[in-house]
Amino acid sequence: MTYLDHAATTPMRPEALEAYLSVAREVGNASSLHATGRRARRVVEESRERIAAALGARPSEVIFTSGGTESDNLAVKGIYWARRAVDPRRRRILASAVEHHAVLDSVAWLEQREDAEVTWLPVDRTGRLDLAALDEAFQRYADEIALVTVMWANNEVGTLQPVEQIAEIAAAYGVPYHTDAIQAVGQVPVDFSASKAAALSVTGHKLGGPTGVGALILRADVACEPIMHGGGQERDVRSGTLDVAGIAATAVAIEAAVKTQAESAAFLTTLREELIRRVGEAVPSAVLNGPREQRLPGNAHFSFPGCEGDALLMLLDAQGIECSTGSACSAGVAQPSHVLLAMGADEDLARSSLRFSLGHTSTRADIDALVKALPGAVERARAAKAVSRH
Amino acid sequence: MRVLAAMSGGVDSAVAAARAVEAGHEVVGVHLALSRNPQTYRSGARGCCTLEDARDARRAADVIGIPFYVWDMAEQFHTDVVEDFVAEYAAGRTPNPCLRCNEKIKFAAVLDRAVALGFDAVVTGHHARLENGVLRRSVDLAKDQSYVLAVLTPEQLSRALFPLGNSTKAEVRAEAAARGLAVANKPDSHDICFIADGDTRRFLAERLGKQPGDIVDAETGEVLGRHDGAYAYTVGQRRGLGLTRPAPDGQRRYVLSITPVTNTVTVGPASALDVDLVRGKAAVWLTEKPTEPVECVVQMRAHGETIPATVTVEGTDLVARLHRPARGVAAGQAIVLYQPDPDGDIVLGSATIDQASRQLVNTA
Ligand SMILES: Cc1ncc(COP(=O)(O)O)c(C=O)c1O
């Protein structure tokens, strides 16, 4: 089997799995006051410290969540509500047009249900934020803005965003900046305090931890309304009994991913460049989407003109090659990617794309298998698209 | 063979897929997403398209142990089935959307795509027998679906597999239960999948708007009432006419015809519904196109009665002379020709009903 979908989720690192199992064997609610509870609490707090250290944050800034989706929802909705409560004029959200659905749909929901006004920020053909447009939006709406949210790295086409410039502009206007760094951590250097962001989302399962555990790194001075109410376990911003084993494993995974980031990035970039080159040789009509530089090391994303991505995916899957059309789906139906549309692709081209994403278990043999299967699959998919045209 | 199993999320298509696997085929399950907005469609075994149906289909594929994908057919379905449905009613005809879906979606758009992707055939859970190009009624006459398959051409049928034709619905359900398929007890749907609340009249009214016109008596030409849109009426219909005046002869009135040009609904007594000459357009022949008149039986609506007839070919049309009158024959429905056979009546061909009239004085 050739797994080229590490951006969807990547295998757990052995040390994270070990950590998970050893903690999961123990009983313990981290909120209990007895010795068992204290033992569990200690694991949580040590994990918090390790994550904080790895990401350039203070331990008190780490709020554990059930994963990236919750972190994004909490940041976007929570900060919006908190800002609006203090100043009812602050109802505008600036968001890039290429956010993950966890951000995109949270913003859209606030617009529909919570009186938010939204400025969708455009990107260029490579998916990179248009800083001039951001500047303009800030000037125009200066004292109406509740928050700005722009991801660190795009999950579909791998584009890295100018996080520091965004944070700088936001800081100049005193507006909190949230960044979804879920794809970035472990792939590129991510330092929370250096970034000057107010909030940052991270999840365990994209870097070798378990699914269902993540964190929102939230600066202490940034107010955030909870979206879930209960025991108030996490700074009163997030409630729910903590998943101690998952947290321990996530901490191990984040630490390992950050520690090995530079060498892993070098390894993945080499492999990725080979993948891009050989896909181009095998299928000369393939179009690489996203930037050549300023890109996640493990990401390669192509359009195959004349094909439909879902047909290609099925054909490759039948040969044991697993990849993604990149976009989220409801009943499993691929919608044309909002990311590619925002980058200026037409619907046809957007529907013709596939993402191949590499990770810590990828090898050159994966690329061999891909380029062997790809030309035949493209030919078939083209024929299938041609018959559906009439 | 490499076979694509169209899995609706119902019990029939799940068992059909399982049987295809058992027959030694390499099977891939595909659920057809027919609505961009799945919540608005109706759940059911018939063939559609809610999120729940997609989930049921996926679970069935898991249990059977085959790969599973969802294909987005929403655009084609909307154009070829939903819009066609509305346009047919607007033209005063009574369409059968299930038949159209088989003709244009399952055994056209889906089949063509499947063949291009390297599949040899499409397997569905339709209740009909198909062997060596011969299409017969299912052994379960109450569930027989040969009528809605009779529009398929020999080429389309040559790439179709219907593994359920020799089983009754009860047997299919029992088999599903034995195979551990959770859909074993899922209720059948008999409604049009894209009309969520089952209210066809309202569905049409929303799309075609109010078009008030007269309800006219066939014999006297008298206006007996008004309607809000002729499209809401079907030949043979008695209920819901809302006549403001009794008919001159005091008898019950039935819809005899719909005339879109003048926007009138013509009504008359039950006896005036009887027809014995039916013309069908765009005939499809599963056998050689006949050169001589054919003695057969014809069926003119899903689960309708069969009537002996003599059918002749006229160019691409066919003309059926019924040996006894039929009642309530609506343009737009299919006329399907069967050759009675002790091993299951054989489909000879079909056409879309264009006109129906009375030639002979009733001799019955
Ligand atoms: C950029 C981005 N944001 C958010 C998410 C959601 O994270 P999770 O799967 O942990 O809910 C993902 C992954 O699916 C992602 O890639």
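In what follows, chains are A, B, ... by sequence order, proteins preceding strands, each numbered from 1. Predicted model only: the values in this text are computed from it and were never measured.
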Closest contact, heavy atoms only, [X] versus [Y]:
X: A:A381; Y: B:L117; answer: CA-CD2, 4.0 Å
X: A:D310; Y: B:V70; answer: OD2-O, 4.3 Å
X: A:A311; Y: B:R113; answer: CB-NH2, 3.4 Å
X: B:A116; Y: A:A384; answer: CB-CA, 3.3 Å

* Neighbour count above 12 (heavy atom, 6.0 Å) for B:K104 NZ ->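 Check fails, neighbour count at 12 or below.
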
* If you count the non-hydrogen atoms of other residues, nucleotides and ligands that lie under 6.0 Å from CD in B:E175, is the total more than 12? ->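 Correct, the count exceeds 12.
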
* Structure fact -> Those residues at least two apart in sequence (or on a different chain) that pass ring pair (Phe, Tyr, Trp, His ring centres under 6.0 Å) with B:F68 are none

* Asked: Got a second to check how far A:L313's CG is from B:Y69's OH, nearest 0.5 Å?
  -> 6.5 Å

* Structure fact -> When the 4.5 angstrom heavy-atom criterion is applied to A:E308 and chain B, the contacting part is side chain

